[in-house]
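Below: the structure, in structure tokens.
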Amino acid sequence: MSGARRTRSTVVRALALAASLAAVLATAGRAAAQDRVVVRPEPGTPVVAVEVLVAAGSADEPADQSGIAYLTARAVTAPVAALLDSLGVRLSVDAQKDAVSLTLTGAPDVWEEATRAVLAALFRDPVDSAAVTRQRRAIVRELEAREASPADALAGEVERAVFGAEHPWGRPAVGRAETVARLRAPQVDEFLRANFTPDRSIVAVVGPVEREEAFDFLRPLLGFDALKVTSVDPPAPAESPVRQNYNSITTWVSASWHFGDDADVEALRMLSRLALQRVEFGPSRRSVYNARGELLRHAGGGELRLHLVVPPREAEQWADALRQAVAGYADQALSPQIFAERLRRYRGERLLELDLPEARARELARAALLGGAGESLTGLDGLTPARLRDAAGSLDAPIVVFLGPSVEEGT
Amino acid sequence: MLTLLFALAVAGPDTAAAPRAPAQDGPAVVVHRQPALPVAALRLSLLADDPAGYAGAGHFFQHLLLPSLEEQAGRVGARVQAVRTSDAVVYSIVGPAEELDYLAGVLRSALRAPASPSGTDLLSALRHLAEERAAERETAPTYVRAALRAALFPNDLPAAGTDEAAARLEGADLGALWGRMYAPERVSIVAIGDVRADAVRRAFRALPAGSGAGDGEAGIDTVPSLAADTPQATRAWIGRAYLAPDAEPAAVSVAARLLRTNLRRRMTRSSVEVEHWWTHHGQALALVVATPDSLLPAARRTVSGALEAAGSDVSAASVADAARAVRREMLFYSRTPERMAEIVGGFADRGDDAEAAQRYYARLEEVTEDEVRAVLALLAAQEPAAVEVPAQRIPREGRR
């Protein structure tokens with residue numbers, strides 16, 4: 001990229017990110033008025049899925065306590081594991097940039113008891129120091145086992161490149177082995193009391209429940225205050241491609257496109273799928289060992305990300321291919337016939353992403369966290385070639401990260 | 001399953017299960033409407049054994065067809081699977097409900113007599129079968145189960161067949177072979193999702209005609225002895241399996257769960273699985289335990305006395321807990337239309353009527369202490385099928 005284009009792109013990106021900051025604050029304002037309980041009655045679904053999103057993440061953690069949000073969630077729910085097991089309820093805990101996700105799935109006759117136990121553990125029960133110790137050790141073991149994972153290494157580099165090394169979202173949401181190992185029960189207790197509060201939480205329920213009964217059950221447990229979220233500084237993304245040496249025989253190439261919170265998310269999601277199909281392994285792309293695409297959403301917008309694993313000598317070529325895979329859709333709208341074919345496939349894939357009730361609960365909770373409303377799961381209706389083209393055109397140049405062995409020039 | 005009971009109790013014709021009698025104008029169809037998400041899961045099963053001498057034929061046809069089915073399914077973002085169970089050759093597809101006719105067409109295409117495959121396709125399918133045969137014997141978890149199954153149900157040949165049968169398949173008249181397996185009246189359909197019964201029946205009304213071929217030349221399938229294999233194992237594996245003929249299936253399921261709970265409590269350093277096997281060949285209860293090599297003698301003793309120990313654990317409370325756990329696991333597993341179709345279809349494949357799944361689910365809650373004790377006594381009265389796989393040890397001179 002030429003110097004002039006880089007400068008202009010940087011300015012445009014900075015303006016976009018500044019707008020995102022304003023959007024974050026605006027989002028918080030909108031969230032203040034939104035309901036923190038979402039219920040989607042599904043009489044035909046055999047289980048109830050409950051998604052509890054606690055809006056506590058990296059931005060709430062002191063820099064030297066990276067991962068404390070995740071540790072807190074695991075430690076305070078560990079004492080109720082036996083109860084949940086006796087009820088046949090599955091619980092999973094996941095760390096996201098801006099929230100901790102707790103997902104419960106269980107039979108219709110036990111979901112209230114399980115939810116009540118988990119919410120009490122989150123908002124009322126004190127920290128159990130033995131549970132903190134056990135979960136800390138478990139998380140450290142898990143993180144140490146993943147230290148040799150190039151996928152994890154790439155994710156870390158991408159976050160630093162997209163948000164900036166000093167930005168809280170530039171750190172892994174689960175922390176690092178060395179930071180988690182230093183965390184102690186008093187710190188967890190302090191973090192719990194300050195951040196795991198009902199007014200920071202959203203609950204989405206999916207399954208054979210009565211809407212009003214579910215609301216009447218949950219509202220007293222969550223209170224009636226407006227949602228409280230932490231505002232986040234604007235990201236400071238890398239201004240040029242990031243190249244990180246890594247001891248592997250392949251190179252991992254990642255491209256991230258930022259979008260604001262007024263973006264056409266469904267069109268972007270479809271774009272990510274179509275762009276991935278242009279670069280993933282195929283008869284004419286045999287050197288692509290692996291490919292993945294994802295659309296990430298957070299306050300202020302999100303990122304469309306594509307990742308490839310390729311031979312080191314082809315890394316630059318494939319980075320260009322990634323750029324073009326997205327940019328190509330901005331040049332000209334697809335013909336109606338071709339778009340219809342693509343949409344037909346995308347619709348099925350998108351629906352199957354939501355075939356688990358817990359997937360639907362997670363989708364609804366995240367939408368509520370970001371200021372979305374209602375029980376609509378997808379925006380598939382109304383997608384057009386023009387929307388796809390405009391979505392691609394709304395994206396600036398991506399932030400590119402290379403992770404792999406260095407390749408000498410000319411060899 | 002609670003939902004199925006609810007649906008049948010109060011819902012209209014769209015959720016009524018069609019009776020599974022041999023159909024004159026289409027296959028037996030079971031439909032359960034779940035409009036939560038606009039998807040449809042369709043499961044087509046062909047109740048057929050592999051022709052004698054051609055063990056693995058059903059699964060071989062599946063491997064021949066699967067690439068084409070996947071390509072067709074991909075056009076609408078659907079997902080297709082091909083599974084060869086002990087009871088049936090099963091194809092399932094899940095995708096947008098608005099594509100019901102298309103999805104049904106994909107499954108119907110699997111029933112046509114196979115065209116002469118290219119050499120590449122033929123070799124690819126045979127290679128997949130060979131890999132599956134090898135994989136079943138390579139690692140302890142699958143090896144133990146395969147050996148126990150072979151001991152209890154010798155007529156239940158491996159889905160991937162045998163090496164000799166594969167060699168015969170390579171040169172066989174595939175159309176004639178398919179004709180010996182396929183007849184439209186052997187097909188049953190389960191549809192779960194945002195679907196209506198009449199639309200499903202319409203979508204599957206026109207199935208390919210059968211060839212009317214008879215059984216053909218009878219052959220013999222010889223399964224190599226599993227005893228000759230040395231599967232990989234980092235721990236010692238113990239397998240025991242007991243036939244449960246004529247036992248009440250719900251009681252066997254509850255007994256299996258109770259036995260598992262008892263053993264896991266006593267064998268905290270081992271992994272313990274207790275499974276209820278149930279096919280048209282019969283029922284069985286299988287214990288599969290993996291234990292550190294140093295604990296093998298103690299584990300053997302525990303497993304030998306497992307039934308007696310579990311019997312002393314039987315109480316109204318423990319039986320109720322076990323039944324509740326089995327029911328909840330069924331609900332959890334069947335929480336997608338695809339998996340619910342699998343559960344419902346499994347009952348249909350065993351020759352049960354359309355309401356068998358619901359009856360089984362309800363029956364679990366009614367299982368009594370006496371019934372569980374009777375099952376355990378039935379099992380304890382017989383010599384179990386037994387298989388063990390020792391942990392592999394690196395010779396001292398091979399260690400660095």
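Just the heavy atoms: all of them, side chains too, but no hydrogens, waters or symmetry mates, feed the values below. Naming convention: chains lettered A, B, ... in sequence-line order (proteins, then strands); numbering from 1 in each chain.
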When B:L331 is tested against each of A:V48, A:V47, A:T105 for side-chain contact (heavy atoms from CB on, under 4.5 Å), which residue passes? A:V47
So what's closer than 4.5 Å to chain B heavy atoms on A:V110: side chain, backbone, both or neither? side chain
Salt bridge check: are A:D109 and B:R327 linked by an N-O gap of less than 4.0 Å? no
OG1-CZ distance between A:T45 and B:R335, expressed to the nearest 0.5 angstrom: 11.0 Å
Counting heavy-atom pairs under 4.5 Å to chain A, which of B:P96, B:P35, B:P337 comes out on top? B:P96
Is the count of non-hydrogen atoms from other residues, nucleotides or ligands lying under 6.0 Å from A:N247 atom CG greater than 12? no
Would the number of heavy atoms belonging to other residues, nucleotides or ligands and lying under 6.0 Å from CZ of B:R269 be above 12? no
At what distance, to the nearest 0.5 angstrom, does CZ of A:R90 lie from CD of B:E329? 6.0 Å
Applying a strict 4.5 Å limit to non-hydrogen atoms, the region of B:A325 in contact with chain A is neither
d(A:L356 CG, B:L37 CG) to nearest 0.5 Å is 10.0 Å
Top contributor to chain B contacts, counting heavy-atom pairs under 4.5 Å, from A:L354, A:L351, A:L343, A:L352: A:L352
Say you draw a straight line from CZ of B:R75 to CZ of A:R344; how long is it, rounded to the nearest 0.5 Å? 8.5 Å
Please determine if B:E98 and A:R347 form a salt bridge, counting it only when a charged side-chain N lies under 4.0 Å from a carboxylate O. yes
Tell me, yes or no, whether the heavy-atom count around B:E71 atom CD, taken from other residues, nucleotides or ligands under 6.0 Å, exceeds 12. yes
Can a salt bridge be assigned to the pair B:R79 and A:E349 using a cut-off of 4.0 Å between side-chain N and carboxylate O? no
Is it the case that atom CZ in A:R137 sees more than 12 heavy atoms from other parts of the structure closer than 6.0 Å? no
With chain A as the partner, which of B:V76, B:T336, B:D321 has the greatest number of non-hydrogen pairs under 4.5 Å? B:V76
Under 4.5 Å to a heavy atom of chain A? For B:V94 that would be both
Interface moiety of B:Y333 toward chain A, non-hydrogen atoms closer than 4.5 Å: neither
Is it true that, when you exclude A:E210 itself, more than 12 heavy atoms of the residues, nucleotides or ligands shown sit nearer than 6.0 Å to its CD? no
Between A:R360 and chain B, which part of the residue has a heavy atom less than 4.5 Å away: side chain, backbone, both or neither? side chain
Where is the tightest heavy-atom contact between A:G44 and B:Q34, given as atom of each residue plus distance? O-NE2, 2.9 Å
Would you name the heavy atoms of B:S334 and A:P46 that are closest together and state the gap between them? O-CG, 3.4 Å
Look at A:G88, A:P357, A:G207, A:S86 and state which one has the largest set of heavy-atom pairs under 4.5 Å with chain B. A:P357
For the side chain of B:R324 and the backbone of A:L87, is there at least one donor-acceptor N/O pair under 3.5 Å apart? no
Quick check on the interface: out of B:A41, B:G74, B:G193, who has the most heavy-atom pairs with chain A under 4.5 Å? B:G74
